[in-house]
Amino acid sequence: MTKTNRVVTETPYLDQKPGTSGLRKPVKTVQQVHYTEKFIQSILETVCELDPSNRKLLIGGDGRYYNNVVIPLIVRMAAANGFKELIIGKKGLFSTPACSAYIRTHKCVGGIILTASHNPGGPDGDFGIKYNVANGGPAPDNVTNAIFQKTKTRSFYNILDPVDISISKIGRTVLETDQGQVVVEVVDGVACHEELLGTIFDLPKIKDYLLQNNLCITADAMAGVMGSTVHRIFGDILGVDSSHLIRCTPLPDFGGSHPDPNLVYAAELVTTMESGKYEFGVAFDGDGDRNMILGKNGFFVSPSDSLAVITANLDCIPYFVGKTFAGVGRSLPTSGAVDQVAKKLGFAIYETPTGWKYFGSLMDADMISLCGEESFGTGSNHIREKDGIWAALAWLSILASRQCSVEEIIRSHWKEYGRHFYCRHDYEALTTEQGAAVMAAVNNYTAPDCSLPAMGVTEVISCVNFSYTDPVNGDRALNQGFVFTSVTGSRVIFRLSGTGSSGATIRIYLEYYSTSEVDGNAQEILSPLVEFALLVSDIRALSGREAPTVIT
Ligand code: VG1
Ligand code: CO
């Protein structure tokens with residue numbers, strides 16, 4: 001019989017505040033003595049308080065470095081804290097959307113997901129610990145705040161003596177402990193999600209479409225966890241030859257890459273697509289919730305446009321057909337492209353702060369069926385996370401139904417709804433002080449008597465610090481970003497990233513709407529907005545940087 005120990009620890013760590021999506025820290029930080037244990041104990045206690053009746057917990061992860069150390073640790077700690085059923089993906093692999101699907105389908109109390117998502121991995125990379133609640137979505141602010149409060153006074157944790165469990169094989173082990181029996185079940189981390197996707201899309205129709213038109217498609221999992229899912233769905237079901245599925249073997253350090261599917265970090269896919277060989281290409285991030293969609297010859301689909309196009313083409317996706325469509329959600333910095341569609345089709349639209357956690361309550365209350373973020377996140381209410389492979393299949397469904405190319409679909413969308421020229425400039429790895437100085441400079445413009453400079457020739461009418469009240473539960477989220485709005489509806493938004501593991505990253509979002517010049521050059525059209533952003537933030541002087549690190 002395995003014994004429970006109560007380990008008394010020294011001073012608490014005071015830096016365990018979860019950010020936009022869980023706690024993200026350099027691996028070296030989480031390797032400090034008792035660091036991970038203390039955070040996990042704080043999660044487990046919070047979960048027990050939230051729902052004392054359900055003792056079934058999922059443990060997922062994107063396969064990154066150090067997962068193999070922390071997974072057995074969570075098993076021992078969860079068992080020592082009274083959890084009775086622990087579900088683990090084979091080899092510890094469970095994409096974020098698959099975790100969400102599993103938690104919902106199998107009625108878990110929640111899940112601990114070991115991922116830092118798009119942040120690099122490996123011994124010198126980042127580690128992440130995220131808690132998802134019973135609806136399958138990221139813990140909302142009140143839960144993460146409760147966890148954080150506990151970390152501040154943490155003085156002990158509970159852990160079983162080491163147990164002998166292999167997570168490399170599917171199967172069930174019953175642990176006999178001094179707390180009674182604990183079932184540890186290693187499952188196929190893909191199956192539940194795969195099954196769900198099969199009920200949402202007409203996969204045989206997509207396969208036929210590719211076959212009949214002799215079209216080749218490609219996917220890049222960036223050595224993240226989505227690789228296995230890609231092999232199963234693109235390979236086994238859609239019949240795509242595995243030679244077209246790149247970086248689909250999950251690696252603990254993502255092969256040294258930065259597993260963030262954007263034009264900069266997924267440059268390899270961009271080059272491949274530019275060759276013209278493929279009709280469609282998609283890249284996913286480390287934990288498989290993000291997607292970047294490219295058409296033939298590398299035609300880039302901006303994530304904000306992607307959400308709008310999917311919303312305008314619901315009839316191509318069987319899941320939505322014959323159902324009442326509730327509405328759409330988008331995060332503040334996501335462009336208003338989807339607003340145009342919602343307006344025309346009579347759907348409700350909600351603008352939330354950045355982070356998927358804010359969509360959960362709206363979906364649970366049936367107020368939105370679809371949502372997305374400019375940061376390459378798209379998804380629906382089939383789960384409570386963004387879902388990279390879902391987005392790819394949504395696009396393939398649209399292509400198969402409309403029988404035209406990605407570029408044709410986007411161009412015809414712009415003709416019909418106008419185009420939201422859009423770009424994001426990231427200044428990564430600034431010091432905390434530099435980040436604060438830039439935000440303070442921008443904050444000056446929120447003063448009521450402040451005169452606002454023009455954006456090129458266009459008058460700027462307001463600068464506000466965005467705050468949000470959840471329409472379902474009244475929860476407030478303050479200081480979510482500074483928004484400058486021009487008289488013609490252009491926006492320039494400033495935010496501090498909440499997913500970095502150290503220092504500060506400033507994100508500047510630029511958006512300009514036009515119904516007449518939809519084929520214009522985005523860079524030229526957005527250049528007055530860039531000038532404006534540089535002027536009001538003084539970011540060059542304050543950060544010592546001449547240019548952003550990422551433009552996407
Ligand atoms: C970023 C994105 C945000 C996304 C979050 C988590 O947050 O901007 O839209 O929800 O990452 O995505 P921030 O605070 O760094 O801007 V994932 O795929 O990293 O879990
Ligand atoms: Co992610």
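Numbering starts at 1 and runs along the sequence shown. Counting starts at 1 for both ligands and their atoms, in listed order.
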State whether the side chain of K25 and the backbone N or O of I129 hold a donor-acceptor pair below 3.5 Å, judged by distance alone.
no
Enumerate the atoms of ligand 1 whose separation from the nearest heavy atom of S117 is less than 4.0 angstrom.
17 (V), 18 (O), 19 (O), 20 (O)
Taking only heavy atoms of T354, which atoms of ligand 1 are found under 4.0 Å from at least one of them?
3 (C), 8 (O), 9 (O)
If the plane angle is over 60° it's perpendicular, under 30° parallel, otherwise tilted; pick one for H258 and H118.
parallel
Could you check whether any side-chain heavy atom of V301 comes within less than 4.5 Å of a side-chain heavy atom of I410, counting everything from C-beta outward?
yes
Proximity of D289 to ligand 1 by residue part, where a heavy atom lies under 4.0 Å
side chain
Can any side-chain N or O of D253 pair as donor or acceptor with the backbone N or O of G255 at less than 3.5 Å?
yes
Quick one: the OD2 of D285, the Co ion (ligand 2), OG of S117 angle, rounded to 10°, please.
90°
Strictly by modelled atom types, are D387 and H382 linked by a side-chain donor-acceptor pair under 3.5 Å?
yes
Below 4.0 Å from any atom of ligand 1, is there a heavy atom belonging to G377?
no
Part of T505 within contact of ligand 1 (heavy atoms, under 4.0 Å):
neither
Closest approach of any protein heavy atom to atom 7 (O) of ligand 1, naming residue and atom:
T499 CG2, 3.4 Å
Between Y509 and ligand 1, does any nitrogen or oxygen pair lie at a separation below 3.5 Å?
no
Classify the angle between the aromatic ring planes of W356 and F359 as parallel (below 30°), tilted (30 to 60°) or perpendicular (above 60°).
perpendicular
Can you list the ligand 1 atoms lying under 4.0 Å from a non-hydrogen atom of K386?
4 (C), 6 (C), 10 (O), 12 (O), 17 (V), 18 (O), 20 (O)
With a 4.0 Å cut-off on heavy atoms, does R495 reach ligand 1?
yes
Assign the ring pair F494 / F484 to parallel, tilted or perpendicular, where the plane angle (0 to 90°) is split at 30° and 60°.
perpendicular
Which part of S497 is near ligand 1, with near meaning a heavy atom under 4.0 Å away: side chain, backbone, both or neither?
both
Protein heavy-atom partner closest to atom 1 (C) of ligand 1 - residue, atom, separation in Å
R290 NH2, 3.5 Å
Atom 10 (O) of ligand 1 sits nearest the protein heavy atom E373 OE1, 2.7 Å
For atom 2 (C) of ligand 1, find the nearest protein heavy atom and state the residue, atom name and distance (0.1 Å precision).
S375 OG, 3.5 Å
Provide the number and element of each atom of ligand 1 under 4.0 Å from a heavy atom of H118.
11 (O), 17 (V), 19 (O)
Within the 4.0 Å heavy-atom cut-off, what R24 brings close to ligand 1 is side chain
Between D364 and S361, do the side chains contain an N or O donor and an N or O acceptor separated by less than 3.5 Å?
no
I need the atoms of ligand 1 closer than 4.0 Å to a non-hydrogen atom of R507, numbered in the order shown.
8 (O), 13 (P), 15 (O), 16 (O)
Below 4.0 angstrom from a heavy atom of G498, which ligand 1 atoms are there? Numbered from 1 as shown, please.
13 (P), 14 (O), 15 (O)
Please walk me through it: do D126 and R24 pass salt bridge (Lys or Arg N to Asp or Glu O under 4.0 Å)?
CA-CA 7 Å; D126 282 344; R24 293 189 192 178; over 6 Å; no
Hey, are the side chains of I71 and I74 touching, using non-hydrogen atoms and a 4.5 Å cut-off?
no
Going by the atom numbers of ligand 1, which of them fall below 4.0 Å from some non-hydrogen atom of D285?
18 (O)
Are L510 and Y422 packed together at the side-chain level, in the sense that at least one heavy-atom pair is separated by less than 4.5 angstrom?
no
Trace of the side chain to side chain contact (heavy atoms under 4.5 Å, CB included) decision for R476 with D470:
CA-CA 6 Å; R476 299 270 292 151; D470 184 306; over 6 Å; no
About how large, to 10 degrees, is the angle OD1 of D289, then the Co ion (ligand 2), then OD1 of D287?
90°
